[in-house]
Number of protein chains: 2
Amino acid sequence: MKSSGTKPQETLLRQTLQASGHRYTEQRAAVFRLIARSRVHPTAEDVFLGVRTEVPGISLATVYKSLEMLVGCGLAKKLTPPDGSARYCGRMEPHHHARCLACGGVSDVAGELGNLEIAALRAQANGFYLVGYELELTGYCSDCAPPMGTGAGASSN
Amino acid sequence: MKSSGTKPQETLLRQTLQASGHRYTEQRAAVFRLIARSRVHPTAEDVFLGVRTEVPGISLATVYKSLEMLVGCGLAKKLTPPDGSARYCGRMEPHHHARCLACGGVSDVAGELGNLEIAALRAQANGFYLVGYELELTGYCSDCAPPMGTGAGASSN
DNA sequence: ATCCTTGCAAAGCATTTGCAGTCAC
DNA sequence: GTGACTGCAAATGCTTTGCAAGGAT
């Protein structure tokens, strides 16, 4: 195995923090590592519990502050389910989110909207300057059976 | 002008409530009317303040209960911005939501995802049974200038 | 040495809940 | 008449904040 003294991920964090006038700390690094690695969109509390194994003394307030700072720097994204607490996403490649109506879990779906679709949206969104988008799919994950004979249909609101 | 003693909107509400085993009350009707008519995605508090002009004695708790019930019946939709409080949407035609990064306002954008796009999502969402979706656009509304020379780009996460 | 960050505990909000009286059915 | 709904107020739970001590640059 090859080990480099400094992981590229850490370098990215250092540089991004510096660029936005923030300092690199053990706590922020640990929070970043955890959400970047996680695939389950942890809540702030999840991150807190997870990070405590690496940084035993960290406080929940620090986790909140770190998460918001990462979001501000573009290193994480905040998901806000209609129920319960906010969830964070550290994988920054373009993808959508699929939320299960039964178990509440949120999983990632690869892909992004096509250019035609985007162009159509721009045209419709009269006068709105489009910067980004967030597509959340709702339905039932493979572990949760749909409530029988549901007519397959996808409706926006 | 032609006036019918009972408005079609009220009938819809009555029937939907009955169908799901709930009762028709003045408070619920007022809440429903307000969000069905509103174009600004009011918060629970907004609804509370607005409905009080029609039903002076209504309480905030009742507004919350009514809103959640309407969402449960499919007569309203709940939007959960990453900041602040939940917003409700009573216009049920397919459309997207555009949230302004400057003023925080949410406006509607007509349209729905194309069938090709949906099919692609289904294919990607391996094992996920798709029921619906919610597309939120982020950017700057016509009243708020974008922070100058921003490279036009739309990125999902 | 400077000033940003941390950790703690308390505060702040939005939302929910328990309960007795009231109302729709 | 019965059971659901309302209004009130207290409770809950997530998130934020103030401040003194500690750490990064």
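A note on names: the letters A, B, ... follow the listed sequences, proteins ahead of strands, and every chain is numbered from 1. Just so it is clear, the structure is predicted and the values come from calculations on it, not from any experiment.
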Engineer: For B:G21, answer base if it contacts any base atom (sugar-phosphate contacts may also be present), sugar-phosphate if it contacts only those atoms, and nothing otherwise; contact means non-hydrogen atoms under 4.0 Å.
Structural biologist: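 B:G21: no heavy atom of the nucleic acid under 4.0 Å.
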
Engineer: Is B:G57 touching bases, backbone alone, or none of the nucleic acid, heavy atoms closer than 4.0 Å?
Structural biologist: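 Sugar-phosphate contact only.
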
Engineer: Nearest-nucleotide wise, let me know which of A:I58 and B:A44 is further upstream toward the 5' end of DNA chain C.
Structural biologist: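 Between the two, 5'-proximity favours A:I58.
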
Engineer: Whole Å only: how far is the CD atom of A:E68 from the P atom of D:dT15?
Structural biologist: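 Rounded to whole Å, this separation is 9 Å.
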
Engineer: Check the distance between C:dT6's P and A:L17's CG and give it to me in whole angstrom.
Structural biologist: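 Those two atoms, CG and P, are 10 Å apart.
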
Engineer: Identify which one of B:V55, B:T53, B:L49 satisfies the side chain to side chain contact (heavy atoms under 4.5 Å, CB included) criterion when paired with B:V51.
Structural biologist: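 The residue from B:V55, B:T53, B:L49 that satisfies side chain to side chain contact (heavy atoms under 4.5 Å, CB included) with B:V51 turns out to be B:V55.
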
Engineer: Going by the angle between their ring planes, with limits at 30° and 60°, are A:H41 and A:H97 parallel, tilted or perpendicular?
Structural biologist: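 Geometry flag for A:H97 against A:H41: perpendicular rings.
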
Engineer: Take the protein atom CZ of A:F48 and the nucleotide atom C1' of C:dG7, then report the distance between them rounded to whole Å.
Structural biologist: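 My rounded result for the distance is 10 Å.
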
Engineer: Consider the side chain of B:K65, meaning its heavy atoms from C-beta on, and name the nucleotide among C:dG7, D:dG7, D:dC5 that approaches it most closely.
Structural biologist: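 Of the candidates, D:dG7 comes closest.
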
Engineer: Within the structure shown, what part of the strands sits under 4.0 Å from B:T25 by heavy-atom distance: base, sugar-phosphate, or nothing?
Structural biologist: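 Sugar-phosphate contact only.
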
Engineer: Can you see if the side chain of B:R28 gets near the phosphate of C:dA24 - specifically, an N or O under 4.0 Å from OP1 or OP2?
Structural biologist: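 So the side chain of B:R28 is outside the cut-off, no N or O lying under 4.0 Å from OP1 or OP2 of C:dA24.
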
Engineer: At less than 4.0 Å, is any side-chain N or O atom of A:Q27 found next to OP1 or OP2 of C:dG7? Yes or no.
Structural biologist: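 Looking at the OP1 and OP2 atoms of C:dG7, one of them is under 4.0 Å from a side-chain N or O of A:Q27.
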
Engineer: Given atom CE of A:M69 and atom C1' of D:dT15, what is their separation to the nearest angstrom?
Structural biologist: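 My rounded result for the distance is 17 Å.
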
Engineer: To the nearest Å, how far apart are A:L79 CG and D:dT15 P?
Structural biologist: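 One finds 12 Å between P of D:dT15 and CG of A:L79, rounded.
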
Engineer: Examine D:dG3: is either OP1 or OP2 under 4.0 Å from a nitrogen or oxygen in the side chain of B:R23? Give yes or no.
Structural biologist: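 Checking B:R23 against D:dG3: no side-chain N or O falls below 4.0 Å of OP1 or OP2.
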
Engineer: Select one nucleotide: of D:dT16, C:dG18, D:dT25, the one nearest the side-chain heavy atoms of A:Y24.
Structural biologist: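 Closest nucleotide to the A:Y24 side chain: D:dT25.
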
Engineer: For B:Q18 and B:E45, find the nucleotide of DNA chain C closest to each by heavy atoms; which residue's nucleotide sits nearer the 5' end?
Structural biologist: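 Result of the comparison: B:E45.
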
Engineer: Would you indicate, yes or no, if C:dT15 has its OP1 or OP2 atom less than 4.0 angstrom from a side-chain nitrogen or oxygen of B:Y64?
Structural biologist: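 Yes, B:Y64 has a side-chain N/O under 4.0 Å of OP1/OP2 on C:dT15.
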
Engineer: If hydrophobic clusters are built from ILVMFWY residues whose side chains come within less than 4.5 Å, do B:V71 and B:Y24 share one?
Structural biologist: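 Yes, same cluster.
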
Engineer: Expressed as a whole number of angstroms, how long is the span from B:L60:CG to D:dA11:P?
Structural biologist: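 One finds 18 Å between P of D:dA11 and CG of B:L60, rounded.
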
Engineer: Looking at the side chain of A:A86, which of D:dT15, C:dC8, C:dT5 is the nearest nucleotide?
Structural biologist: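 The nucleotide sitting nearest to the side chain is D:dT15.
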
Engineer: Given B:V63, which of B:D46, B:V47, B:L34 fulfils the side chain to side chain contact (heavy atoms under 4.5 Å, CB included) condition?
Structural biologist: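 Single pass found, and it is B:V47.
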
